[in-house]
Amino acid sequence: MFGLHVPNGLLFSVFLLLLLAAWLYSGRRSNNDGKNLKNAIAYRDVSFLIKPYQQLGDNPKLKPMESVQLLWHTAENARNWQVQLKVQGDADWRPPVSVSGTVVDIAKLGKHLHFRACLDNIPPGATFEYRLLVDGANAFAGLGKARAGVDQPYKAIIAGDLGKSAEGDMQPVAYRIGALLPDVLIVVGDVVYDRGRVSEYLEDIFAIYNHNWSNPKRGAPILRSTIVLPVPGNHDVALPSPESKRDFQRFEDLLGYYLFWDLPMHGPQRMGAANAPALDGDQASIDRFLTAAGDRFPRTGCYSFDWGNSHWTMLDSNAYMNWGDKDLVAWLENDLGSAQDATWRFVVYHHPSFSSDGKHADEQRMRLLAPILERMKVDVVFTGHNHCYERSRPIRFLPDHLEQGTALHTEDCAVPGSFQLDEQYDGFMHTKPQGVIYLVDGAAGAKFYPHSQPEQLKDFSEVYDQSQHSVTKITVDGKRFTAVQVGADGAEIDRFMIDKN
Ligand SMILES: [Fe+2]
């Protein structure tokens, strides 16, 4: 007599709810697989144009209490956003941090809101959780780790030439990087292909490197949990050829690098042609870009930062840069000169000074800086551009007849000179290099060029690998530096050590 009559519509709704619950549960499960605690789950439907991602912001120097910038883009204006932080050791969520939203107009995204929250007052090296609330309800959550202090070890991944998602090589590399749980990810240029467009950021880097799940076919939630610090490669600044204009007539959404990466702002100011890519084409699109990029263009092309006991100098090596220009050289010398107390000095740029790979054999203009890097006691230089992994012997190099002021902002420019190679150093038993070690780290997703593989390695080359896509994992622990080249399948491809004890 109390038989329950359940309408079909209600049954269907219950079924949908069960499906949703199962999906959320499986999502949480997969997030915690492999102790990958950095993964996050969005559990309220919010239309992000770009999901939250972490950045260092304009904080080149270590701070007694660290901060992390959290950025996201959305079209939703009316909602009340809050961000809360719970740092390792906190009993509960802290009171909401302030969130600032500005209207930005970016090609392919249109007019929308760009939000920013500063997660601050975090002890160096501490892990933290954050959550975004919309109108009081959870909308997004993530984990992170503050920059290491001067006495703390850290782990970084260095990767370059990330490729395109459509070709399917990007996803397994992103997955591998996520599985290695770096404290910081450094991209040696060619972040997106082919032209550094906003549309390419949306399709590739934001889709794959900030995917909800860790999956070799999809990507990994890296950007939301890890600070990423890039340099611009040739594909990031529109076209490979320096003669090619950054043509806003043809592509209205160029130079996404300067729109999305929130980096230290102490790079060289605009110096005419010496350090700024020329913009051409539709003036309205150019003005739209310049307004959205603000001071980031072109300042964030070069910058530096400290992490742990290391100083990292990040340079734009594109062909419009004239690294014979005395003001640019002075900026570099001043930057490295001020970091002589750091235990380690690392330099990052896209175009390799030394590589056996045949693809960009004559693009040697960055060799001009070799004497400065040696004099300033740089330990390792990380580059990309050639789609391979290559490790040099410790090098001391003196260009033959190039003097300061020589304009080298051309693409193909051989720089002959004399080499002094440390043949003793092996990175295993002999771990005190006499000279600078140069890595080519361009094997992180872009397609390989079998025809460019060298039949014979140059004398300065120790290891060359194009067997599979790979990234460099470094561990800096006091006076010991260890680098491991890790394949997308997890295999170890190379390993070397530098010991300053
Ligand atoms: Fe490149």
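Atoms considered below: every heavy atom in the structure, side chains included; atoms not considered: hydrogens, waters and symmetry mates. For ligands, and for the atoms within them, numbers begin at 1 and follow the listed sequence.
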I need the single residue from Arg246, Arg250, His235 that forms a side-chain contact (heavy atoms from CB on, under 4.5 Å) with Arg195. Which is it? Arg250

Please find the N/O/S atom of His385 nearest to the Fe ion (ligand 1) and write down its name. ND1

Would you tell me whether Asp465 and Ser467 have side-chain atoms, one donor and one acceptor, within less than 3.5 Å of each other? yes

Among the N/O/S atoms of Asp190, select the one at the shortest distance from the Fe ion (ligand 1) and name it. OD2

Do the side-chain N and O atoms of Asp357 and Tyr464 include a donor-acceptor pair separated by under 3.5 angstrom? yes

To 10°, measure the NE2(His350)-the Fe ion (ligand 1)-OD1(Asn234) angle for me. 90°

Is it possible for you to check whether Arg224 lies under 6.0 Å from the centre of the six-membered ring of Phe140, through NZ or CZ, and within 45° of that ring's axis? no

